[in-house]
Amino acid sequence: MSLIVQKYGGTSMGSVERIQNVARRVAKWHAAGHQVIVVPSAMSGETNRLLGLAKELSAQPDPREQDMLAATGEQASSALLAMALIAQGVPARSYAGWQVPVRTDNSYTRARIRAIEGTRIREDLDAGRVVIVTGFQGVDEDGNITTLGRGGSDTSAVAVAAALQASECLIFTDVDGVYTTDPRVVPAARRMKVVSFEEMLEMASLGSKVLQIRSVEFAGKYQVPVRVLSSLTDPLIPLEEEMASGTLITFEEDQKMEAAVVSGIAFSRDEAKFTLRAVPDTPGVAYSILGPIAAANIDVDMILQNVSVQGMTDFSFTVNRNDALRTHDLLSTQVGPAVGAGEIVYDDTVCKVSIVGIGMRSHAGVASAMFRTLSQEGINIQMISTSEIKTSVIIDDKYMELAVRALHKTFELDQEK
Ligand code: ASP
Ligand code: MG
């Protein structure tokens with residue numbers, strides 16, 4: 001008998017029939033003698049619907065109230081799943097984040113989990129119940145409901161698995177695993193059977209939307225084995241078969257994994273690029289520009305400072321497109337005047353394309369193969385950043401799909417290795 005955490009995404013919870021299917025799958029695990037904790041997302045479309053209502057009332061809804069509202073989506077789906085299980089004869093109980101409690105900091109709409117109290121969950125498990133814990137939410141020190149940011153149920157599930165020392169965290173979703181790239185862009189993309197934790201961390205941060213990045217960070221920190229697999233298979237498929245499907249995120253890197261130079265291609269359209277022109281090139285300029293941005297809790301991604309000409313330089317950086325408005329405000333009202341910058345240029349027609357692979361550590365020339373491919377396609381590179389296991393470029397977003405397809409081919413990702 002082991003303790004398993006299972007997370008079900010919005011599509012998997014999308015209708016009464018689908019919830020019944022989730023219940024059947026959970027019941028199968030329960031009947032096999034496992035202790036099961038389920039972490040569901042809201043029914044598909046529900047979070048968007050709720051946030052849409054909020055936006056109708058205010059362009060910038062009060063963050064506390066927005067979390068109060070958004071958290072109801074998971075409360076509904078969790079209760080429905082408990083009812084479905086009970087109707088199928090499986091004892092089950094659902095809890096909202098605050099009841100567990102899942103303790104978070106107080107940054108509404110993007111809270112971080114600090115601790116999860118396991119006592120109540122354990123009592124139910126020991127009493128033979130399936131325990132359902134709402135994804136996406138928690139409670140701050142003052143008892144306010146918080147949410148973890150879009151896609152946050154993944155993080156809830158991994159955090160619950162870490163806190164209760166589950167033997168695996170299964171992320172059931174509408175795809176059957178993690179692919180070498182998005183199959184909607186490259187139909188020849190392949191499912192990876194295993195991916196190293198580090199690669200997954202890069203893929204998630206670079207725009208592969210399969211898992212919320214924080215869930216991967218959590219998995220790494222607490223060494224929780226995570227498997228991404230399909231919830232659209234027959235719910236009664238044998239357990240062994242289910243456990244061998246999907247993509248396992250592993251902490252053990254073997255030689256076979258390193259033999260592949262590039263494991264995946266990630267991309268993201270959520271990019272916005274800012275350039276401050278004619279900034280005086282003096283000590284402290286980068287800090288004067290990026291300090292206020294960081295203080296406003298905006299993550300800066302790529303940074304580029306040009307060679308200076310007559311003591312002046314251009315300074316560019318990218319942020320998530322969601323933060324573009326706030327960044328623009330800060331630059332034009334505060335930062336620009338303070339550093340004596342010339343024009344502030346904003347560009348949201350850019351995207352980021354990245355190649356990822358732990359094999360890049362031991363192979364030379366990988367980045368140049370990427371640049372060659374892009375040049376052959378006539379794609380101009382605007383910014384570049386590298387780490388040990390990835391190379392990312394910022395390019396015009398109208399070339400995104402072309403770039404991804406060409407790179408997928410260059411690195412032979414369509415071929416089974
Ligand atoms: N329901 C939330 C969202 O749509 C959280 C999640 O599904 O992971 O972002
Ligand atoms: Mg998701």
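Counting starts at 1 for both ligands and their atoms, following the listed order.
- For the pair Arg110 and Asp323, the salt-bridge criterion is met [side-chain N within less than 4.0 Å of a carboxylate O].
- Electrostatic pairing of Arg49 and Glu46 counts as a salt bridge here, judged by a charged N lying under 4.0 Å from a carboxylate O.
- Between Asp182 and Arg184 a salt bridge is recorded (basic side-chain N to carboxylate O distance below 4.0 Å).
- Residues Lys209 and Asp270 are paired through a salt bridge, judged by an N-O separation under 4.0 Å between the basic side chain and the carboxylate.
- Evaluation of the ring-ring contact (aromatic ring centres under 6.0 Å, His included) test over residues 91-127, restricted to residues two or more places apart or in two chains, returns none.
- Between Lys7 and Asp154, at least one side-chain nitrogen of the basic residue sits less than 4.0 Å from a carboxylate oxygen of the acidic one, meeting the salt-bridge criterion.
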For ligand 1, find each of its N or O atoms that sits under 3.5 Å from a protein N or O atom, and tabulate the pairs with distances to one decimal place.
residue	atom	partner	partner atom	Å
ligand 1	1 (N)	Thr47	OG1	2.8
ligand 1	1 (N)	Glu74	OE2	2.6
ligand 1	4 (O)	Thr47	OG1	3.3
ligand 1	4 (O)	Arg150	NH2	2.9
ligand 1	7 (O)	Ser41	OG	2.9
ligand 1	8 (O)	Gly152	N	3.3
ligand 1	8 (O)	Ser153	N	3.0
ligand 1	8 (O)	Ser153	OG	3.1
ligand 1	9 (O)	Arg150	NE	2.7
ligand 1	9 (O)	Arg150	NH2	3.4
ligand 1	9 (O)	Gly151	N	2.9

